[in-house]
**Student:** 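For reference, the structure I am asking about is given below.
Only a predicted model underlies this, so the values are computations on that prediction, with no experimental measurement involved. Side chains are part of it too, since the values below use all heavy atoms of this structure and drop only hydrogens, waters and symmetry mates. In what follows, chains carry the letters A, B, and so on, assigned in the order in which the sequence lines appear, proteins first and then strands, with residues in each chain numbered from 1.
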Amino acid sequence: MEYNHKDIESRWQNYWRENKTYEVNINTEKPKFYVLDMFPYPSGAGLHVGHPLGYIASDIYSRYKRQQGFNVLHPMGYDAYGLPAEQYAIQTGQHPEVTTTQNIARYRSQLDKIGFCYDWSREIRTCDPSYYKWTQWAFMKMFNSYYDTAKQKAMPIAELIKELEISGTANIHAAQGEELNITADEWNGMDAKAKSDVLMNYRMAYLGNTMVNWCPKLGTVLANDEVSEGVSIRGGYPVEQKVMCQWCLRVSAYAQRLLEGLDKLDWTDSLKETQRNWIGRSEGAEMEFAVADSDIKLTIFTTRADTVFGVTFMVLAPESEYVWQVTTPEHKAEVEEYIAAIKHKTERERMIDKKVSGVFTGAYAENPLSGKKIPVYVSDYVLAGYGTGAIMAVPAHDSRDYAFARHFDLPIIPLIEGADVSEESFDAKEGKMINSCGPTLDLNGMDVKDAIKAAKEYVEKVGIGKVKVNYRLRDAIFSRQRYWGEPFPVYYKDGIPYMLDEKELPLQLPEVDKYLPTETGEPPLGRAKNWVTTDGCALELCTMPGFAGSSAYYLRYMDPHNDEALVSREANEYWQNVDLYVGGTEHATGHLIYSRFWNKFLYDLGAVCKDEPFQKLINQGMIQGRSNFVYRVKDTNTFVSYNLRKDYDVTPIHVDVNIVTNDVLDTDKFRAWRPEFNDAQFILEDGDKYVCGYAVEKMSKSMFNVVNPDDIVDRYGADTLRLYEMFLGPVEQSKPWDTNGIDGVNRFIKRLWNLFYKGDENLVTDGEPTKEALKSIHKLIKKVTQDIENFSYNTSISAFMICVNELTQQKCHNAKILEQFVILLAPFAPHVAEELWHTLGHDTTVCDAQWPKHNEEYLKEDSVKYTVSVNGKPRFNIEVPSGTVPAEVEKTALANEAAAKWIDGKPIRKVIVVPNKIVNIVI
RNA sequence: GCCCGAAUGGUGGAAUGGUAGACACGAAGGACUUAAAAUCCUUUGGCCAUUACCGGCUGUAUGGGUUCGAGUCCCAUUUCGGGUACCA
C-alpha cells in the first residue's frame, strides 16, 4: 500500500463525523479543558493559508489534552455580523444574510478539509436570533444596572432609584457621567423624562451626548479601537469628531478591575502592557483655578501638582463648556471664529497639522499658590474628552505647553535646578525644585517625586483640589447607523427609551428594501415596515457594533442550545472559563477589553462563575505573503531574469506565486497566465532559467501571492499542511509563507509510512524492542511532551523527523515502538496517525489513546564524554561511566595531566564541571 | 515622540550561560534509470590549508562590559517589525 493522502483523509474524516468522535458533553468524572480559537469573520475571499495557523496550533493542543485524559471543549463558530457583508449588499442588493451564509459554507468546507477536532454540534453564529437573543439580553441587563464604586460591582438600577427617593444623590457612590447634586425632594418632584435623564447618568448602558468618531463615508459612528490614525480600520475612510446622542457602555467604570485583573492572567507581558496603556491609569490631582472678576472656577487635572508655581497660562479645549463661560465680550468674535475653523477639520487633519494654534479668551485666572494672574487661552491641543477639558500650562516642563508659550510669547519659568529651557522643555520627573515658594507652601530644594506628593497633600488640605485617578479608557460607543447588526431591544415613548420585556426577545432584525440610510438621514432600519412595538411605539433604529456579538460568545459554546439562559449554571460551573485562547494580537485593545468587561459585568450579575474569561492566551503570528516579480524591459514584452536585470531598464511586475517554483518561473504557464503575456520573450540566466525576484508583503489578491489551503491539501494532504504550518517557525512569530520546503514534511510522512509498509507488504513485527529503539522513542516522548506544553511545535516536528531517521537506520519495525510513535504524532497529523494506528490492529480511535510517559532509564548513556578545557580552550576528551559525580569527573580529568596542581607551569585556580559537557580548568 | 518585540548561513529556523548553525528547504556532486520523476548516498557559515589522514583561523547587527566561558546577562548604538499618539 502506498501512502495516499486523499483516500486516508476522506476516509477518516467521514469516520470521525459518523461516530461523532469530537462531540463532548459534561462529564464530571473527567477534568475539563477549554480550548478556544478566536472565531473568524467569514469574508468573501475565503481562507488563505495564513488563517489556519492558530487553528492548527490549538487543535494540536486540544488533541494532546484529550489524550492526556481531559474532557476537552473545542468549539468553532462565526462572527457573522460585519461591515463587508453590508457594503456588498449596498452594491449588489443581495441580502447580507445570503452572502454571509454562503461565505460560512465556504469556510466550513475549507476548515473540514484540514481535519480539526471541533465539536460542530456547538457551532454558533452571531447573526442567529437564538444567539443574539443573549446579546440583547445582556444589553438590557446593562441598561438596568449601575456601577457601585463603593462595592466595586454592578448593581440593579432599582436600588439606586430607591436611594434617590430617600436621600437624593447625597449617599450615592456610582460611576457617573457628571457629578449631580439632587435632593430627594427634587428627585421625587421630577417628571418621567427628567428622571430618565438623571438615570442615564448612571446606567451601565446609557444614551449619551458624546463626542463620537463619525465616518461620513460609512455613514456610521465608530469606536476608538475601530479608528486608527484618523481613518476607519475597515475601508480607511476619514473620520471626524462630532457630538451625537448614542448608546454607550460604561466600560470606564471597570477600568481599575480591568487593570488589576491582568495580573492573574497567563498572557504575554507585551499584550498585558498594551492593555495597561490602553486603560491608561494616571494618578494626579484635580485643582481649581478661580477666574478673576467672576465666580467661575476652572477645574483642571494634572499629574504634576509640583509645577503649579510654573503655571503661566491656562488652556481650554475648544469643545469645553468653560469657553463660553469665561470668554469676554471683546474676544467673543475671535474665539467663535477659531472654534468654527477647528470644527471644519477632521481628526486626521488635526493630527497632520501640528502647527500651534489658539486664541486668547480675554479672561485671566488666578494661580492658587502664587496668586499671580495668568491668561486663559483656547487651543485644540487640549482634548475635551480627557480629564476636565482644561489644563494648567507649565511651559518649562511640558513640550506642548512650551511650543504654545513660544508661539504666543508667554513667560517660561524653570522649576528644576539646572534645567535648560532656552531651546526645549525639560519633561523628566527628576531633579531638585527651584522657584517654587509661595506665601503658604515651599517646595524649593525638594526632589520632584517628593514635591509632587507634598503639593498634592497641600492642595487637598487647603481645599483647592483633590487627589484623583484618571483613566484614558473611554466608554464604548455602542450604536451603529447600520443594517447588518443586532437590533437594540429598545423602544421610545414620549421621548423616553424603554427596554422590551425579556419575553419579547429576540427582537428580530427586520427586512428592508435597501441597505442605505433613509432620505431623511435615518439609519437603514428606518426603512423597515412596522418597526414598532405591539402597542405602536417606535423601535430603536441603530444596531449594535461588531464587538457586541463577540463579547460573550465563549460562554454560549458551553450550552449553545439553551433557550432559558445564555449558559446554564451547571454548564458554566463545569466548563468555567477558557483555559487556552488562541488568536491574533490585533484584538488587544478591542475584543479582549470588551470581552473582559462584558464578562465582569455578567460575573457581578451572578450569571457566570469566573471574573476573567480567558486564562491563558497565545497570539499566533501573521502569515505574510511572499510575492514574486518578473522584470519587464521597458516598452517591450521581453522579461529579463532577476540577476541580469541591472543591465536593462526594467519594471517589476507581480507574478502569480502559483506558477513559480523555488523562484524559478514556469515560462509556459506565464504565457498562458494572461493574454498580454502570450507572446512574452525571456532573457534567461544559467542557460535555461528565468529567476524571479521576491518580497515579503501582506497576503492579498492584488499581489498574486495568495496561497489557498485547499490547493495544498489537494496536492499534499491535510497532514502535510498541518505539519508544515507548524514547522515554519514558532506559532507566536510572524513569518512569510513559502510553499518551497513543504516537500520536507511530506517526505517525512512517506518515510514514516515506509516503516509500516513496503509496497503491499506489512513490515510491522511483534516482540520486544531493542534498547536502541527504546532510547529513540523515549527521547521523542520527552521532547514532544515538553514542546507541546511550551507551544514549541516546530522543534517537536524536527524531533519526529530525527526519530524516524533513527528508526529507519535501525530497521526498526517493532509494533510497540511504532504504536507509541503514532500516538505522539496523532495531534499533529491525525489522519495518517489514525490510519497507522489501525494498521497496528487497533479498532478504537487514536484520539483516545493514552499519551505515553517517558522513562529516564532508557535515556541513560553507558558512558559520558567530557571535553576538558584549559581556560576555556578545549584540550582533550575523557570518558567516564554514566552517573559519575562531578568530584570524580574532576579527579579523572586531572589524572590525565602530568601534575595535578600545575598546568603549563601555572597553578590551577579553579575547576568547573558542567554536567555531561565540559570540565574547565582555570589556571 | 513614547511603549513593546526582534536581528544567527543562500532560505525558514535550532541552541536551561557550557563544542553555534539541530531539523528542513535550496544548491552541488554521485547511485539507480533508455530518460525523467521518485528514492537513496555525500558535501554545504566564511576564509585558509590539503595527495590522504589530521587540520587552522574566523564567525550570531555594531561598540563596550560582566564571566573560567556570552547568540544567550548588562550598558550604549544602528536597523527592522508591532502598538499608541497632543492623555496634561
**Student:** What integer distance in Å separates A/Leu592:CG from B/G83:P?
**Tutor:** 15 Å

**Student:** Using ring centroids (six-membered ring only for Trp), state whether A/Tyr471 and A/Trp278 fall under 6.0 Å.
**Tutor:** no

**Student:** Can you confirm whether the side chains of A/Tyr690 and A/Asp666 place a donor and an acceptor under 3.5 Å from each other?
**Tutor:** no

**Student:** Do A/Glu697 and A/Ser627 have a side chain donor and acceptor closer than 3.5 Å?
**Tutor:** yes

**Student:** Separation of A/Lys758 atom NZ from B/U39 atom P, in whole Å?
**Tutor:** 16 Å

**Student:** Going by atom types alone, do A/Gln810 and A/Ser776 pair a side-chain donor with an acceptor below 3.5 Å?
**Tutor:** yes

**Student:** So what is the 5' to 3' dot-bracket string for RNA chain B, if pairs are Watson-Crick or G-U wobble with both distances under 3.5 Å, crossing pairs use [ ] and | means the partner sits on another strand?
**Tutor:** (((((((..(((.....[....)))((((((.......))))))((((......))))..(((((..]....))))))))))))....

**Student:** Atom CD of A/Glu697 to atom C1' of B/G81: distance rounded to whole Å?
**Tutor:** 15 Å

**Student:** Partners of A/Thr312 by side chain to side chain donor-acceptor pair (under 3.5 Å), sequence neighbours excluded?
**Tutor:** none

**Student:** When you check every protein heavy atom under 4.0 Å of nucleotides 2-12 of chain B, what one-letter string (B, S, -) results, 5' to 3'?
**Tutor:** -SS-------B

**Student:** With C1' as the reference atom in both, quote the distance from B/A28 to B/U16 in angstrom, rounded to an integer.
**Tutor:** 38 Å

**Student:** Considering only side-chain heavy atoms of A/Thr274, which listed nucleotide, B/A14, B/A88, B/G83, is closest?
**Tutor:** B/G83

**Student:** Is B/G9 syn or anti, taking syn as a glycosidic angle within 90° of 0?
**Tutor:** syn

**Student:** Relative to the 5' end of RNA chain B, which residue comes earlier, A/Ile391 or A/Ile912, by the nucleotide with the nearest heavy atom?
**Tutor:** A/Ile912

**Student:** Between B/A88 atom P and A/Arg281 atom CZ, what is the distance in whole Å?
**Tutor:** 13 Å

**Student:** In whole Å, what separates the C1' atom of B/A27 from that of B/G12?
**Tutor:** 16 Å

**Student:** Just how far, in rounded Å, is C1' of B/G81 from NZ of A/Lys698?
**Tutor:** 16 Å

**Student:** Check the distance between B/G82's C1' and A/Glu732's CD and give it to me in whole angstrom.
**Tutor:** 15 Å

**Student:** Please work out whether the ring planes of A/Phe821 and A/Phe748 are parallel, tilted or perpendicular, with thresholds of 30° and 60°.
**Tutor:** tilted

**Student:** Write down the distance separating the P atoms in B/G64 and B/C54, rounded off to the nearest Å.
**Tutor:** 37 Å

**Student:** Would you mind reading off the distance between A/Arg747 atom CZ and B/C23 atom P, rounded to a whole angstrom?
**Tutor:** 15 Å

**Student:** Give the C-alpha distance, both sets of side-chain angles, the deciding distance and a yes or no for side-chain hydrogen bond (donor to acceptor under 3.5 Å, both in side chains) between A/Asn470 and A/Ser282.
**Tutor:** CA-CA 5 Å; A/Asn470 251 335; A/Ser282 69; 5.5 Å; no

**Student:** Look at the rings of A/His5 and A/Tyr3 and say which category their plane angle falls in: under 30° parallel, 30 to 60° tilted, over 60° perpendicular.
**Tutor:** tilted

**Student:** My understanding is that only residues two or more places apart in sequence, or in another chain, count here; which of them pass side chain to side chain donor-acceptor pair (under 3.5 Å) with A/Arg304?
**Tutor:** A/Asp306

**Student:** Can A/Tyr381 and A/Arg400 be counted as having a side-chain donor-acceptor contact under 3.5 angstrom?
**Tutor:** no

**Student:** Write down the distance separating the P atoms in B/G83 and B/G29, rounded off to the nearest Å.
**Tutor:** 46 Å

**Student:** Out of B/C87, B/U84, B/G13, which has the shortest distance to the side chain of A/Trp278?
**Tutor:** B/U84

**Student:** B/A38 C1' sits how many Å from A/Tyr3 OH, rounded?
**Tutor:** 16 Å

**Student:** Choosing from B/A14, B/U84, B/G26, which nucleotide comes nearest the side chain of A/Asp743?
**Tutor:** B/G26

**Student:** Tell me yes or no: between the side chains of A/Ser798 and A/Thr795, is some donor less than 3.5 Å from an acceptor?
**Tutor:** no

**Student:** Determine the Euclidean distance between corresponding C1' atoms of B/U33 and B/G56; express it in Å to zero decimal places.
**Tutor:** 43 Å

**Student:** Pick the C1' atom in B/A6 and in B/U72, then give their distance to the nearest Å.
**Tutor:** 14 Å

**Student:** Return no unless some side-chain N or O of A/Tyr386 is found under 4.0 Å from OP1 or OP2 of B/A88.
**Tutor:** yes

**Student:** Determine the interatomic distance between P on B/U19 and the same-named atom on B/U60; round to the nearest Å.
**Tutor:** 16 Å

**Student:** Judged by modelled atom types alone, do A/Asp398 and A/Ser425 share a side-chain donor-acceptor pair under 3.5 Å?
**Tutor:** no

**Student:** Considering only B/G83, B/C40, B/C87, which nucleotide approaches the side chain of A/Arg751 most closely?
**Tutor:** B/C40

**Student:** Among all residues two or more places apart in sequence or in another chain, which pass the side chain to side chain donor-acceptor pair (under 3.5 Å) test with A/Gln624?
**Tutor:** none

**Student:** Please state the P separation for the pair B/C40 and B/G18 - nearest whole angstrom.
**Tutor:** 35 Å

**Student:** Which residues in residues 800-809 of chain A have a heavy atom closer than 4.0 Å to any atom of RNA chain B?
**Tutor:** A/Met801, A/Ile802, A/Asn805

